[in-house]
Every structure is written in C-alpha cells, then in structure tokens.
Amino acid sequence: MHLIDATPVYAPVLARLHAAMFHRPWSEGEFRTLLSSAGVLALLAESEEAGPVGFVLTRIAADEMEILTIGVRPEQRGEGVGHLLLKHALAAAAEAGAAQAFLEVSVNNHAAVALYTAHEFQITGTRRKYYLEFINNTEKRVDAHIMAKGLTGLGKTQ
Ligand SMILES: CC(C)(COP(=O)(O)OP(=O)(O)OC[C@H]1O[C@@H](n2cnc3c(N)ncnc32)[C@H](O)[C@@H]1OP(=O)(O)O)[C@@H](O)C(=O)NCCC(=O)NCCS
C-alpha cells in the first residue's frame, strides 16, 4: 500500500471512490475545486493489486485542521487502510503547523467513531440533525458528534 498526495488531476479518481463509499457522491468538479483550494490536502491510498482503495481529505485554516472526509472501498475495509490514512493526515497537519484537528461524524457511524477514538479524538459537542441519512428507506435527520484532538507533539519525525 502506498500513499499519494492527490493533486487536482486526481479529481476523477477521488470522485469514483467517493461514489463507492457514500450515498451522496461529490462530483469531479467539486473535488477539482476542493483539491485546488488553499490549505487542502488529500492523501490517496493505492495498492498494487487493487489500485485506488481509499482517501482522506483535510483542510487547514489558521491552526486548525478539519477532516472533510475519509473513506475506504467496501472491499478493502478492515485491513488497516483507514488507520494508515488518518495517521499520515494527522502527521502532515502537525508538520504544517496545525495545533488541533476536528471533524463531524454521524452518531450512527460506529466504524468511523471507533477509528477516530483509536486515534485519540474525543467527542467535544453535538450538531443536532446535521446529516440526512436513509434509515429503513426513509430519509431522517441524524445528529453528528463533533470530535477533536490536539496535534502537539505529532509529526512525521515522531
Ligand atoms: C471508517 C472507515 C474509513 C474505516 O476504514 P478501514 O480501512 O475499514 O479501517 P481500518 O481497517 O484501518 O480500521 C481502523 C479502526 O476503525 C475501527 N473500525 C473499522 N471498521 C469497524 C467496524 N466495522 N466496526 C467497528 N469499528 C471499526 C476500529 O477501531 C479499527 O481499529 P482496529 O482494527 O485496530 O480495531 C471505513 O469504514 C469507511 O470507509 N466507511 C465509509 C465511509 C465513512 O463513513 N467515512 C467516515 C466519514 S466521517
């Protein structure tokens, strides 16, 4: 498995991956715009056998890094790719001077909450009815946890 800094030319790859992971896909154009924006870093995980398998997209503003999204293809989940992506994204943000990382995650997304908790994120708040999710074929508004973690002491050299 290796990680690539995904520049805007990777927009079609990230859009295809995103569509395989989420109910509401982001378009190639949205990815191109995001990947061209200041402070945005995307890491793409690629394996020799399977090709592109997952990515993480982050944005640094002032001294805060936000995880905009992270995902792994369903076929490759549970193999440590999420861990790898998150670890390197956090280290890159710390190297770039971010002091804190935060994100929002659905309270129903147990795999993602467990991943963030394993990386020492803590729940710091709630955004009520933040996501629209399909539950029993019905769209429902679902709360999001706000999770945060200090980055002091993290870095590629650690
Ligand atoms: C969340 C996600 C990125 C995890 O990726 P992954 O490659 O499967 O994760 P890993 O194999 O590296 O596992 C990392 C940790 O996540 C947690 N985890 C992963 N899958 C889990 C599951 N099905 N149930 C509970 N915890 C799980 C565990 O803590 C695991 O650590 P451990 O194996 O040391 O116990 C993946 O499930 C995914 O793409 N989900 C859909 C997209 C999504 O919801 N993204 C988050 C948006 S906020």
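Each ligand, and each atom within it, is numbered from 1 in the order the structure gives.
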Please tabulate, one pair per line, all N/O donor-acceptor pairs under 3.5 Å involving side-chain atoms of residues 96-123, not counting sequence neighbours.
| from | atom 1 | to | atom 2 | distance (Å) |
| --- | --- | --- | --- | --- |
| Glu104 | OE1 | Tyr130 | OH | 3.2 |
| Glu104 | OE2 | Arg127 | NE | 2.7 |
| Glu104 | OE2 | Arg127 | NH2 | 2.9 |
| Ser106 | OG | Asn108 | N | 3.0 |
| Ser106 | OG | Glu133 | OE2 | 2.7 |
| Asn108 | ND2 | Glu133 | OE1 | 3.2 |
| Asn109 | OD1 | Ala112 | N | 3.3 |
| Thr117 | OG1 | Val113 | O | 2.7 |
| His119 | NE2 | His83 | ND1 | 2.8 |

So with a 6.0 Å cut-off around CZ of Arg128, is the heavy-atom count from everything else above 12?
no
Sorted by first residue and then second, give each side chain to side chain donor-acceptor pair (under 3.5 Å) pair with at least one member in residues 144-153; sequence neighbours left out.
none
Which atom pairs, one a donor and one an acceptor, fall under 3.5 Å between side chains of residues 53-76 and the rest of the protein, sequence neighbours left out?
| from | atom 1 | to | atom 2 | distance (Å) |
| --- | --- | --- | --- | --- |
| Thr58 | OG1 | Leu41 | O | 3.2 |
| Arg73 | NE | Glu75 | OE1 | 3.2 |

Closer than 3.5 angstrom, by distance alone: can the side chain of Ser47 be matched with the main-chain N or O of Ala50 as a donor-acceptor pair?
yes
More than 12 non-hydrogen atoms from neighbouring residues, nucleotides or ligands closer than 6.0 Å to NE2 on His23, yes or no?
no
Polar pairs, ligand 1 vs protein, N/O only, below 3.5 Å.
| from | atom 1 | to | atom 2 | distance (Å) |
| --- | --- | --- | --- | --- |
| ligand 1 | 7 (O) | Gly82 | N | 2.8 |
| ligand 1 | 8 (O) | Gly78 | N | 2.8 |
| ligand 1 | 11 (O) | Gly78 | N | 3.3 |
| ligand 1 | 11 (O) | Glu79 | N | 3.2 |
| ligand 1 | 11 (O) | Gly80 | N | 2.8 |
| ligand 1 | 12 (O) | Gly82 | N | 3.2 |
| ligand 1 | 12 (O) | His83 | N | 2.8 |
| ligand 1 | 31 (O) | His83 | NE2 | 3.0 |
| ligand 1 | 34 (O) | His83 | NE2 | 3.1 |
| ligand 1 | 39 (O) | Val72 | N | 2.8 |
| ligand 1 | 39 (O) | Val72 | O | 3.3 |
| ligand 1 | 39 (O) | Arg77 | NE | 3.3 |
| ligand 1 | 44 (O) | Asn109 | ND2 | 2.7 |
| ligand 1 | 45 (N) | Ile70 | O | 2.7 |

